[in-house]
Amino acid sequence: MHVNVYEKFWMWGAGGIIVVFLSATLLAGVVQGRTPPSHVETIDPATVFTDARFAERGVVRRPDGSVVVTSIALMFAFQPNEIRVPAGAPVTFRMTSPDVVHGFQIVGTNGNTMVVPGYVSQFTMTFDEPGRYLIVCNEYCGLGHHVMSGTLIVEAAQ
Ligand code: CUA
């Protein structure tokens with residue numbers, strides 16, 4: 001079968017682009033360890049409020065200066081609703097949902113994760129600028145989705 005030289009050019013070109021994209025994805029995921037902002041930690045959505053990991057919500061400061069924020073996203077609020085963290089310290093957010101999929105987006109920063117029932121979402125980031133940040137749910141979760149918000153207050157480091 002005769003294949004036109006231009007057709008060959010585009011066939012091999014398109015194939016090559018696919019190989020390049022797949023390689024880039026594999027390289028980023030496997031070699032550089034770039035993964036979605038979470039890790040595989042499961043939790044029973046029915047027992048979130050009594051689970052030892054989420055029985056106490058709030059901000060805990062570790063001896064090394066880092067901070068852990070434990071939070072639950074539920075219809076239609078975040079618990080706790082107001083989060084205070086120090087500027088300049090690594091802050092690890094740990095979140096889950098007892099009902100449906102929610103979002104947790106710290107507006108104006110790249111802090112953003114889905115909160116999926118059955119899983120613990122976790123990401124770590126450092127806030128350099130003290131200030132007030134709006135937290136919104138960015139996954140449609142029901143009739144009260146548009147009122148589901150919270151506040152993050154970054155306080156100047158002492
Ligand atoms: Cu929670 Cu939208």
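Order of appearance sets the numbers: ligands from 1, and atoms from 1 within every ligand.
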- Item | Metal site angle (apex atom 1 (Cu) of ligand 1), ND1 from His102 and SG from Cys137, 10 degrees | 120°
- Are any of the side-chain heavy atoms of Ile106 and Phe127 separated by less than 4.5 Å? yes
- Write the atom name of the N, O or S atom in Glu139 that is nearest atom 2 (Cu) of ligand 1. O
- atom 2 (Cu) of ligand 1 - name of the N/O/S atom of His145 that sits closest to it: ND1
- Message: For Leu26, is the CG atom crowded, meaning more than 12 foreign heavy atoms sit under 6.0 Å from it?
- Response: yes
- Near atom 2 (Cu) of ligand 1, is there an N/O/S atom from Cys141 that is less than 2.8 Å away? yes
- Message: Tell me whether the rings of Phe123 and Phe93 are parallel (<30°), tilted (30 to 60°) or perpendicular (>60°).
- Response: parallel
- Are Val69 and Phe78 joined in one hydrophobic group, where the rule is that I, L, V, M, F, W and Y side chains link up if heavy atoms are under 4.5 Å apart? yes
- Message: Strictly under 2.8 Å, is atom 2 (Cu) of ligand 1 approached by any N, O or S atom of His146?
- Response: no
- Task: For residues Asn81 and Ser149, report the shortest heavy-atom separation together with the two atoms involved.
- Result: ND2-O, 2.9 Å
- Query: Can an N, O or S atom be found in Met148 less than 2.8 Å away from atom 1 (Cu) of ligand 1?
  - Reply: yes
